[in-house]
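Notes follow the structure.
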Amino acid sequence: MSSAASIEIDHVSKIFPGRGGAQDFKALDNATFTVDAGEFVCILGPSGCGKSTLLNILSGLDDQYEGVASIHGQPVGRHGVKGSRIAYIFQEPRLMPWRTVRSNIEFALLASGFAPSEWKERIDRCLALVELADFGDFYPLQLSGGMQQRASIARAFAIEPDVLLMDEPFSALDELTARRLRQQLLTIWSTFRSTVLFVTHNAFEATFLSDRILMMTKGPGGRFCDEVKLDGLTRPRSYEDVRVFEASKKVVERLVSHVGSLDEE
Ligand SMILES: Nc1ncnc2c1ncn2[C@@H]1O[C@H](COP(=O)(O)OP(=O)(O)OP(=O)(O)O)[C@@H](O)[C@H]1O
Ligand SMILES: [Mg+2]
């Protein structure tokens, strides 16, 4: 059972230095927000507003920034955060091509603290969840792009993360698979109660999944501009529930009022 951890982003700014005489580029401008332990929060914003940059900072992959990013009260370091398991599902699968799917997941489990004797059962369970039960011994290049992404989702779930960072994980999947995985994600979340920070530019997806949506817009410098609370939408939520559609319509209207067009929807 994971023990969910809170997330704190305190006045975080990120500047990518210009190369070869080009100007510096501000990708994040003074971002400040918190996510409570066990909460499911979506970040919704147009392409290029700094969503992946923010997750890279929170995961410890990028430590060149101003401000403070912390998880469970501990600043995020180059190797994550002591005492918390963090899983990061990237926009693309990022599996190691020389390892089978099973071996990719084992590699993630190495640092997780789970006894090796329970790895097989754990991996089998997670592969079954993403409907890859028969593909554990395949190499990534023997799988379609969508299957690879599902394998990377299984890898993240296998470590029972305290914090799950997800960067548009379903955007490259066909809609039926994406729907199934959203439902599975919610089931897993309601079981383990990890803290989830989920990045998307799909307003319906954000509304369907989250407790709260944080909206971002492009500056210069990506910044947070609005927040929508969805605690009125009871769970479990269904795709047929007209209230989810109505809420997502309002989310789109709010987003358009900040960003100015519908070109990302
Ligand atoms: N390594 C880098 N060097 C220079 N600029 C970068 C780098 N990485 C990102 N950027 C710039 O920072 C901005 C934010 O990028 P980021 O990848 O965080 O956007 P995003 O919100 O995740 O977009 P998308 O929805 O398309 O994935 C973009 O303008 C991008 O060009
Ligand atoms: Mg991105």
Side-chain angles (χ1 to χ4, degrees), residues 7 9-33 35 40-69 71 76 78 86-95 145-146 148-149 152-153 156 163-173 175 178 181-182 185 196-210 212-228 248 251-252 254-265:
I7 296 172
I9 288 286
D10 188 7
H11 295 91
V12 168
S13 296
K14 168 74 190 180
I15 293 174
F16 287 107
R19 296 223 169 85
Q23 280 196 326
D24 290 354
F25 182 80
K26 192 169 217 178
L28 276 178
D29 186 11
N30 232 351
T32 298
F33 66 88
V35 180
F40 197 130
V41 168
C42 279
I43 294 180
L44 178 67
S47 186
C49 70
K51 304 183 295 297
S52 298
T53 301
L54 184 72
L55 291 197
N56 286 340
I57 289 171
L58 261 174
S59 65
L61 281 180
D62 182 352
D63 60 359
Q64 302 295 307
Y65 62 93
E66 288 168 32
V68 180
I71 287 179
V76 179
R78 196 82 185 105
I86 303 170
Y88 188 176
I89 301 178
F90 298 96
Q91 259 177 292
E92 66 292 325
R94 296 207 197 176
L95 299 166
Q148 290 180 36
Q149 185 63 342
S152 76
I153 291 167
V163 171
L164 186 51
L165 305 173
M166 305 183 81
D167 194 354
E168 301 183 36
F170 307 142
S171 60
L173 302 178
E175 181 54 19
L181 286 177
R182 284 182 203 121
L185 171 63
V196 182
L197 189 58
F198 186 109
V199 159
T200 180
H201 49 220
N202 178 329
F204 180 83
E205 180 172 60
T207 309
F208 179 74
L209 290 174
S210 68
R212 191 155 57 97
I213 298 174
L214 300 173
M215 282 183 200
M216 287 185 80
T217 184
K218 280 199 264 194
R223 52 188 182 80
F224 286 85
C225 58
D226 206 349
E227 178 187 76
V228 178
S248 89
V251 169
V252 172
R254 290 266 281 270
L255 188 64
V256 170
S257 77
H258 293 290
V259 178
S261 84
L262 273 171
D263 59 0
E264 286 302 320
E265 292 304 316

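Atoms within each ligand, like the ligands themselves, are counted from 1 in listed order.
For atom 31 (O) of ligand 1, no protein heavy-atom neighbour is found at a distance under 4.0 Å.
Screening Thr53, Asp62, Asn56 for a side chain to side chain donor-acceptor pair (under 3.5 Å) involving Lys14 leaves a single residue, Asp62.
Here the heavy atom of the protein found nearest to atom 8 (N) of ligand 1 is Phe16 CZ, 3.3 Å. Closest to atom 26 (O) of ligand 1, if we only count protein heavy atoms, is Ser47 OG, 2.5 Å. The single protein non-hydrogen atom nearest to atom 25 (O) of ligand 1 is Lys51 NZ, 2.7 Å, given as residue, atom name and distance. Nearest to atom 17 (O) of ligand 1 among the protein's heavy atoms is Ser52 CB, 3.7 Å.
For ligand 1 and Thr53, the ligand atoms under 4.0 Å from any heavy atom of the residue are 14 (C), 15 (O), 16 (P), 18 (O). Close approach of ligand 1 to Gln91 (heavy-atom distance below 4.0 Å) involves ligand atoms 27 (O).
Ser52 lies close to the Mg ion (ligand 2), since one of its N, O or S atoms is found at a distance under 2.8 Å. Not one N, O or S atom of Thr53 sits under 2.8 Å from the Mg ion (ligand 2).
Between Val196 and Met166, the closest heavy-atom pair is CG1-SD, 4.1 Å. Residues Thr32 and Asp10 come closest through the heavy atom pair OG1-C, 4.0 Å.
Where the criterion is an N or O separation shorter than 3.5 Å, residue side chain and backbone included, Gly48 meets it with respect to ligand 1. An N or O contact shorter than 3.5 Å links Gly50 to ligand 1 by distance.
Contact of the Leu61 side chain with the Tyr88 side chain is registered, since non-hydrogen atoms from C-beta on lie closer than 4.5 Å.
Side-chain N or O atoms of Lys26 include none that pairs as donor or acceptor with a backbone N or O of Ser13 at under 3.5 Å. Side-chain atoms of Gln149 come within 3.5 Å of backbone atoms of Pro169 as a donor-acceptor pair (strictly under, hydrogens ignored). Side-chain atoms of Asp29 never come within 3.5 Å of backbone atoms of Gly222 as a donor-acceptor pair (strictly under, hydrogens ignored). Judged purely by atom type and a 3.5 angstrom limit, Arg94 has no side-chain atom pairing as donor or acceptor with the backbone of Ile89.
Residue contacts with ligand 1 include Glu168, since one or more of its heavy atoms lies under 4.0 Å from the ligand.
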